[in-house]
Enquirer: 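Input: one structure, supplied below.
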There are 2 protein chains.
Amino acid sequence: MSDYIKVPHLIEERSFEMITEELGDKTFPEEIGKIIKRVIHTTADFQYADITIISPTAIEFAKKALKAGAHIVTDTKMAMAGINKKRLESYGGEVNCFISDEDVAKAAKEKGTTRAMAAMEKAIMDEKNKIFVIGNAPTALFKLKQFIEEGKVKPDLVIGVPVGFVGAAESKEEFEKLDVPYIVTRGRKGGSTVAAAIVNAIMYML
Amino acid sequence: MSDYIKVPHLIEERSFEMITEELGDKTFPEEIGKIIKRVIHTTADFQYADITIISPTAIEFAKKALKAGAHIVTDTKMAMAGINKKRLESYGGEVNCFISDEDVAKAAKEKGTTRAMAAMEKAIMDEKNKIFVIGNAPTALFKLKQFIEEGKVKPDLVIGVPVGFVGAAESKEEFEKLDVPYIVTRGRKGGSTVAAAIVNAIMYML
């Protein structure tokens, strides 16, 4: 084990240099590049350079919301675990995930839907929740789209990166049609680590 | 949104069917297939069919350990969050992650190492910790290898799937030389979601 790889900030610095080198001709506007490179750093998967779509206003809205202490809602405990809470709390924000709440489980059972959908229904009740982070459940993203269309919620950013084979690609494709600040990963790929990496990348710009 | 994609167990069932179909000629012994397919399910990345290496005794040792109530240690809160705790607790097991412990932060600072290394040093002190799950930090995997070689710990399974550009591939390549039950992902890819998916896949066999 070489010596330098025990020093955390050097590991990260060198990783980003390698990513930039390997991206070669693929260059991005600075802030978009920061997001895409952090996702690649998290996945070691360069395909994210092509499938990560950031709506024009997404970064500005998200930065403003974070600085104002916006709350974040995630669809999984994993995504929540990956978000830099110390940083988020320094702006007065917090992150919540309602998927394991008893009232959510009960509502899902009664309505015959997923807990992810019921969790979104709970999330929109609190207007401090301005940033929605969905890394796992296409049903959560479908539900959130419906609430936005119905005017029930107006997020400052939706990170829609559910991963998987059934519904994930479709949920993101549909979501891109909305006039709302979003970041999605087209196709099947995504996940909780990708979702958290995007949140952190935006916070590290502040 | 079609109706079936709101029913969680049907989503999973259909996903695994699609993965099996798309793997085509690539077939695996049953239990190995269950692990690989769950990793693909989690990442939507078929490359894991080629890079996921399972040592001959890994699954049997892990199953036996889990049934006996083995404790699991992870290198990140994210991997911990992704493990099915209800299932694990039903065998008398538990999962811990020491990365954010104050004594770990202090030890890392004093020794000029990563917190991930110091967390492994803490983990091996408790002999109930029999399964080590490393999805993020190559330094944790290097350290664990050292402890195994020194005879300080004898894990029933090491899931070594750190992701990244600096040290990740090397840490896994070195680890494969050990005579210990392991599951690794060769090269740069891996991560906390992959790590948790492997643990869950093995538990779902029991």
Side-chain angles (χ1 to χ4, degrees), chain A residues 1-2 4-8 10-19 22 40-45 47 76-83 97 108 111-117 135-139 142-143 145-146 163-171 174 187-194 196, chain B residues 1-2 4-8 10-19 22 40-45 47 76-82 97 108 111-117 135-139 142-143 145-146 163-171 174 185 187-194 196:
Chain A
M1 170 165 48
S2 32
Y4 74 96
I5 74 168
K6 290 186 231 165
V7 184
L10 292 183
I11 297 175
E12 181 159 318
E13 207 172 284
R14 179 67 194 124
S15 299
F16 276 84
E17 281 170 14
M18 289 171 76
I19 293 167
E22 291 190 35
I40 294 172
H41 176 252
T42 295
T43 55
D45 187 343
Q47 210 192 333
T76 62
K77 299 278 183 192
M78 276 197 96
M80 185 164 77
I83 290 171
C97 172
K111 295 184 189 172
T113 62
T114 67
R115 286 191 297 149
M117 292 167 88
N136 186 61
T139 55
F142 277 122
K143 197 72 188 169
K145 176 172 178 277
Q146 181 196 323
V163 59
F165 293 82
V166 175
E170 296 83 344
S171 72
E174 286 301 310
R188 290 169 170 176
K189 286 185 178 176
S192 302
T193 51
V194 171
Chain B
M1 169 165 49
S2 28
Y4 74 95
I5 77 168
K6 290 188 231 164
V7 185
L10 292 184
I11 298 175
E12 182 159 317
E13 207 172 285
R14 179 69 193 123
S15 299
F16 277 83
E17 281 169 13
M18 289 171 76
I19 293 166
E22 290 191 36
I40 295 172
H41 177 252
T42 294
T43 56
D45 186 344
Q47 210 192 335
T76 62
K77 300 278 183 192
M78 276 197 96
M80 186 164 77
C97 172
K111 296 184 187 173
T113 63
T114 66
R115 286 191 298 148
M117 293 168 88
N136 186 62
T139 56
F142 277 123
K143 199 70 188 170
K145 175 172 178 278
Q146 182 197 322
V163 61
F165 293 82
V166 175
E170 297 82 344
S171 72
E174 286 300 310
T185 50
R188 290 168 169 176
K189 286 185 179 177
S192 302
T193 50
V194 172

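Side chains included, hydrogens not; waters and symmetry mates left out as well; all remaining heavy atoms used. To find a chain, count down the sequence lines: A is the first, B the second, and so on, and within it residues start at 1.
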Enquirer: Looking at every heavy atom in both A/His41 and B/Phe165, which two are closest together, and how far apart are they?
Expert: CA-CE1, 3.9 Å

Enquirer: Side chain, backbone, both or neither: which part of A/Gln47 has a heavy atom under 4.5 Å from chain B?
Expert: neither

Enquirer: With only heavy atoms counted, which part of A/Ala79 is less than 4.5 Å from chain B, the side chain, the backbone, both or neither?
Expert: backbone

Enquirer: Measure distances from B/Thr193 to the heavy atoms of chain A and classify the residue's part below 4.5 Å as side chain, backbone, both or neither.
Expert: both

Enquirer: Relative to chain B, which segment of A/Thr43 carries a heavy atom at a distance below 4.5 Å: side chain, backbone, both, or neither?
Expert: backbone

Enquirer: First locate atom NZ of B/Lys77, then atom CD1 of A/Ile83, and finally report the distance between them rounded to the nearest 0.5 Å.
Expert: 15.5 Å

Enquirer: Locate the shortest heavy-atom distance separating A/Ala196 from B/Met78; write the atom from each residue and the value.
Expert: CB-CE, 4.5 Å

Enquirer: Working to the nearest 0.5 angstrom, can you tell me the gap between A/Ile11 CD1 and B/Thr139 OG1?
Expert: 5.5 Å

Enquirer: With respect to chain B, which residue among A/Gly82, A/Gly187, A/Gly191, A/Ala116 yields the maximal number of heavy-atom pairs within a distance under 4.5 Å?
Expert: A/Gly82

Enquirer: Side chain, backbone, both or neither: which part of A/Thr42 has a heavy atom under 4.5 Å from chain B?
Expert: backbone

Enquirer: Top residue by heavy-atom pair count (under 4.5 Å) with chain A, among B/Met80, B/Arg188, B/Glu174?
Expert: B/Arg188

Enquirer: Any idea which of B/Ala108, B/Ser15, B/Ser171, B/Ala44 has the most non-hydrogen atom pairs under 4.5 angstrom with chain A?
Expert: B/Ala44

